[in-house]
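Quick note: residue numbers are just sequence positions, from 1. Note that this is a predicted model, so its numbers are computed, not measured.
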Amino acid sequence: MAEQIFDRRTQDLGNIVNLGHVNVCISDQHLATHYYISALGLTRDPFLNTGARNMWVNVGMSQFHLPSGTPDILRGKAGLVVPDRAALLERLTQMRKPLEGTKFAFREGNDCVETICPWGNRINVHSPDESRFGRIVLGMPYIEFDVRPGTAERICRFYREVMGALATMVQNGGAPCARVAVGDKQYCYFRETDAPQLPYDRHHVQIYIGDFSGPHGRLGELGLLTSEVNEHEYRFRDVIDLDTQEVLFTVEHEVRSQTHPLFGRPLVNRNPAQTNRDYRPGHDSLPWAMA
């Protein structure tokens, strides 16, 4: 029997091993429940931050963190995968009236269902596709940031050399785009656009990394560290040109070690098809991955 030969590089993740959460402030948990829970079919975390001050929403192995405050707008869009497009569209339609008077909207396209949250954040919702998203049936496979023309390649270099990430240049909609691996079939895209950039507010993304000290040292040498949170976490905001120190893009990165107590924490994901009217025992939860 011939020995099998594998390209082991296809299983490399680079130093960033998981996109943990996206954090945007919201002004009303009632509206957030209509959109994130009832419309998108996601699950409010039943164990942590269950009060009125903050709201954690589970989506597969990732989360949205939604603290109360002046609403934040992600400078780009988030991409989700959910298992049933028809059911998603029905839920979105049912939320039209409860979310009337907000920025909520949705549109069905060939690639995804484009949605807008009550405060204006764009979230594209895809069907499972093993060739694009791997095993993900429910999850957050990407965040796409809008960046200035001429910056994507230098952003790509920053993530390779400072964060130790797998980062490559791709074309996205005909525009140059840096693709940074942030987990198993999870990516941050930095897509060049001529559209005016929104000013940065306080939103942030959280990642887990394997080599925790190496990037910390490089960020410190570059003067980019903004917060030493604790032994398991630090933060930075600016992505810079490594030759000129020009700021290319700003978004706060919450960087956690794999020894962080929350790393690998199992998240509860409910099956939004379950109702009290046609309840099926044993079908309360929804697996995030294909069998």
Side-chain angles (χ1 to χ4, degrees), residues 21-47 49-52 54-69 71-74 76-129 133 136-144 203 267-290:
H21 68 253
V22 175
N23 183 297
V24 290
C25 288
I26 59 168
S27 60
D28 188 328
Q29 279 200 15
H30 191 68
L31 295 178
T33 299
H34 282 321
Y35 175 71
Y36 287 95
I37 310 303
S38 297
L40 296 184
L42 307 180
T43 305
R44 178 159 190 173
D45 195 295
F47 301 116
N49 286 297
T50 58
N54 199 348
M55 182 177 185
W56 284 12
V57 175
N58 299 342
V59 48
M61 294 181 69
S62 300
Q63 292 183 315
F64 288 102
H65 287 187
L66 307 169
S68 298
D72 296 330
I73 301 298
L74 187 74
K77 66 189 73 164
L80 305 185
V81 169
V82 303
D84 189 331
R85 178 184 278 213
L88 169 70
L89 289 167
E90 183 178 349
R91 293 193 302 267
L92 289 165
T93 299
Q94 290 174 352
M95 287 301 107
R96 275 197 170 116
K97 188 164 185 60
L99 292 173
E100 192 175 14
T102 73
K103 294 181 180 179
F104 169 71
F106 67 94
R107 182 178 73 87
E108 186 177 15
N110 292 329
D111 180 54
C112 64
V113 178
E114 299 174 3
T115 78
I116 300 176
C117 88
W119 299 275
N121 280 299
R122 295 176 287 160
I123 298 180
N124 287 355
V125 187
H126 302 262
S127 298
D129 182 342
F133 308 123
I136 298 174
V137 172
L138 174 67
M140 187 184 297
Y142 69 85
I143 303 171
E144 181 182 303
H203 64 274
L267 300 181
V268 175
N269 291 283
R270 69 188 179 92
N271 176 5
Q274 282 280 54
T275 71
N276 60 306
R277 295 184 299 277
D278 55 358
Y279 182 77
R280 295 184 300 156
H283 292 266
D284 284 347
S285 62
L286 194 66
W288 67 266
M290 298 177 184

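- Residues satisfying the side chain to side chain donor-acceptor pair (under 3.5 Å) criterion with Asp72, sequence neighbours excluded, are Arg202.
- With sequence neighbours excluded, the residues satisfying ring-ring contact (aromatic ring centres under 6.0 Å, His included) with His203 are Tyr200.
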Considering only distance and modelled atom types, tabulate donor-acceptor pairs under 3.5 Å from the side chains of residues 91-101, sequence neighbours left out.
unit_1 : atom_1 : unit_2 : atom_2 : d
Arg91  : NE     : Ala39  : O      : 3.0
Arg91  : NH2    : Leu40  : O      : 3.0
Thr93  : OG1    : Leu89  : O      : 2.8

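- For Arg122, the side chain to side chain donor-acceptor pair (under 3.5 Å) criterion is met by Asp146, not counting sequence neighbours.
- Of the possible polar contacts, none joining the Gln63 side chain to the Trp56 backbone as a donor-acceptor pair under 3.5 Å is found.
- Considering only residues two or more places apart in sequence or on other chains, Pro287 meets the side chain to side chain contact (heavy atoms under 4.5 Å, CB included) condition with none of them.
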Audit row: Trp288, Leu267, side-chain contact (heavy atoms from CB on, under 4.5 Å) steps and yes/no: CA-CA 10 Å; Trp288 67 266; Leu267 300 181; over 6 Å; no
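- By the ring-ring contact (aromatic ring centres under 6.0 Å, His included) test, His283 pairs with no residue at all, sequence neighbours left out.
- The two atoms that bring Thr50 and Asp45 nearest to each other are CG2-O, 3.6 Å, heavy atoms only.
- With sequence neighbours excluded, the residues satisfying side chain to side chain contact (heavy atoms under 4.5 Å, CB included) with Ile73 are Asn121, Leu198, Asp201.
- Applying the side chain to side chain contact (heavy atoms under 4.5 Å, CB included) criterion to Thr33, with sequence neighbours excluded, gives Ile37, Met55.
- With sequence neighbours left out, Asp129 forms a side chain to side chain donor-acceptor pair (under 3.5 Å) with Ser131.
- Under the side chain to side chain contact (heavy atoms under 4.5 Å, CB included) criterion, Val82 pairs with Leu88, Val125, Leu138, not counting sequence neighbours.
- Note on residues 267-285: no pairs pass salt bridge (Lys or Arg N to Asp or Glu O under 4.0 Å), not counting sequence neighbours.
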Side-chain polar contacts of residues 103-119 - donor-acceptor pairs under 3.5 angstrom, sequence neighbours left out - could you list them?
unit_1 : atom_1 : unit_2 : atom_2 : d
Arg107 : NE     : Glu114 : OE1    : 3.4
Arg107 : NH2    : Glu114 : OE1    : 2.9
Arg107 : NH2    : Glu114 : OE2    : 3.0
Glu108 : OE2    : Arg85  : NH1    : 3.1
Asp111 : OD1    : Arg132 : NH1    : 2.4
Thr115 : OG1    : Tyr35  : OH     : 2.6
Thr115 : OG1    : Ile123 : O      : 2.7
Trp119 : NE1    : Ser27  : OG     : 2.8

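- Judged by distance alone, with hydrogens and angles left aside, the side-chain atoms of Asn58 form a donor-acceptor pair with the main-chain N or O of Val268 at under 3.5 Å.
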Derivation and outcome, side-chain contact (heavy atoms from CB on, under 4.5 Å), residues Asn124 and Tyr142: CA-CA 10 Å; Asn124 287 355; Tyr142 69 85; 3.5 Å; yes
